[in-house]
Amino acid sequence: MRHIEESKTIANALQQRQAVLFVGAGVSMSVGLPSWESLVDYLSADLGLDKPSAGAQKTTYQAIAEYYRLKHGSFEPLVAWMAKEWRVSPDCLRASRLHRLVVELDFPIIYTTNYDSNLEKTYEACGRPFAKIRSPAARLEKMGRHRSRGRRQG
């Protein structure tokens, strides 16, 4: 019975637009993009690192990504490579039940750890507006501008 009450609570939050969605790489995997592990394998190969053997101490994904950034000076080469190699057509995004559901549920805020822009492209393909914010500081700044526009001066 508890799961029924929890489901009702979630449904109510969705209806009132009081739910926040956290999205990871699994959403993009649904349209054929690789997992975070596969991306790190690409980074490792680019850096000339061997995959650790079974039982060996494993370097963290974050450490490999940071080493890539330090070696290349930024993530720009990776971003350019991903933009070239991981194109997903707007038709494919519109056909993705998962991507459409994210748009249709109309979350007021979506936090994502995704390394691609498929959520943004889905909103565009569905003709729905969105605001992309890359950092918490930018979000706070935008909120402050929004609130100040609604206030009376004087």
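- Listed by chain and residue number, T59, T60 satisfy the side-chain contact (heavy atoms from CB on, under 4.5 Å) test with A63 (two or more places apart in sequence, or in another chain).
- Distance check, rounded to the nearest 0.5 Å: NZ of K132 to CD1 of I110 gives 12.5 Å.
- Remark: Y67 engages no residue in a ring pair (Phe, Tyr, Trp, His ring centres under 6.0 Å) (not counting sequence neighbours).
- In terms of the side-chain contact (heavy atoms from CB on, under 4.5 Å) criterion, residue partners of I4 (sequence neighbours excluded) are, by chain and number, M1, K8.
- Here the OH atom belonging to Y42 is positioned 14.0 Å from the CD1 atom belonging to I64, to the nearest 0.5 angstrom.
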In a table with atom names and distances, give each donor-acceptor pair under 3.5 Å that connects a side chain of residues 71-86 to protein atoms at least two apart or in another chain.
residue	atom	partner	partner atom	Å
H72	NE2	D46	OD2	2.7
S74	OG	E76	N	3.0

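- Looking at residues two or more places apart in sequence or on another chain, you find no ring pair (Phe, Tyr, Trp, His ring centres under 6.0 Å) involving F107.
- Between R94 and D91, some side-chain heavy-atom pair lies under the 4.5 Å cut-off.
- Side chain of S96 to backbone of C92: no donor-acceptor contact under 3.5 angstrom is found.
- Atom CG in L39 sits 4.5 Å away from atom CG in L43 (nearest 0.5 Å).
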For residues 12-33, tabulate all N or O donor-acceptor pairs below 3.5 Å that involve a side-chain atom, not counting sequence neighbours.
residue	atom	partner	partner atom	Å
N12	OD1	Q16	NE2	3.0
R17	NE	D106	O	2.8
R17	NE	D106	OD2	3.1
R17	NH2	D106	O	3.3
S28	OG	N114	ND2	3.2
S28	OG	D116	OD1	3.1
S28	OG	D116	OD2	2.5
S30	OG	V27	O	2.5

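- Using a 4.5 Å heavy-atom cutoff, the side chains of L93 and Y123 are not in contact.
- Listed by chain and residue number, nothing satisfies the side chain to side chain donor-acceptor pair (under 3.5 Å) test with S117 (two or more places apart in sequence, or in another chain).
- Partners of S38 under the side chain to side chain donor-acceptor pair (under 3.5 Å) rule, at least two apart in sequence or in another chain, are S35.
- For E124, there are no side chain to side chain donor-acceptor pair (under 3.5 Å) partners two or more places apart in sequence or in a different chain.
- Residue pairs satisfying the salt bridge (charged side-chain N to carboxylate O under 4.0 Å, His left out) criterion with at least one member in residues 23-35, sequence neighbours excluded, are absent.
- Distance check: H99 NE2 to C126 SG gives 10.0 Å after rounding to the nearest 0.5 Å.
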| message | Could you go through K121 and N118, starting from their C-alpha distance and side-chain angles, then the distance that decides it, and tell me whether this counts as side chain to side chain contact (heavy atoms under 4.5 Å, CB included)? | response | CA-CA 5 Å; K121 290 178 182 177; N118 285 324; 4.2 Å; yes
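- Listed by chain and residue number, E6 satisfy the side chain to side chain donor-acceptor pair (under 3.5 Å) test with R2 (two or more places apart in sequence, or in another chain).
- Grouping the Ile, Leu, Val, Met, Phe, Trp and Tyr side chains by contacts below 4.5 angstrom, directly or via other members, places L101 with V103.
- The closest side-chain heavy-atom distance from T122 to R100 is not below 4.5 Å.
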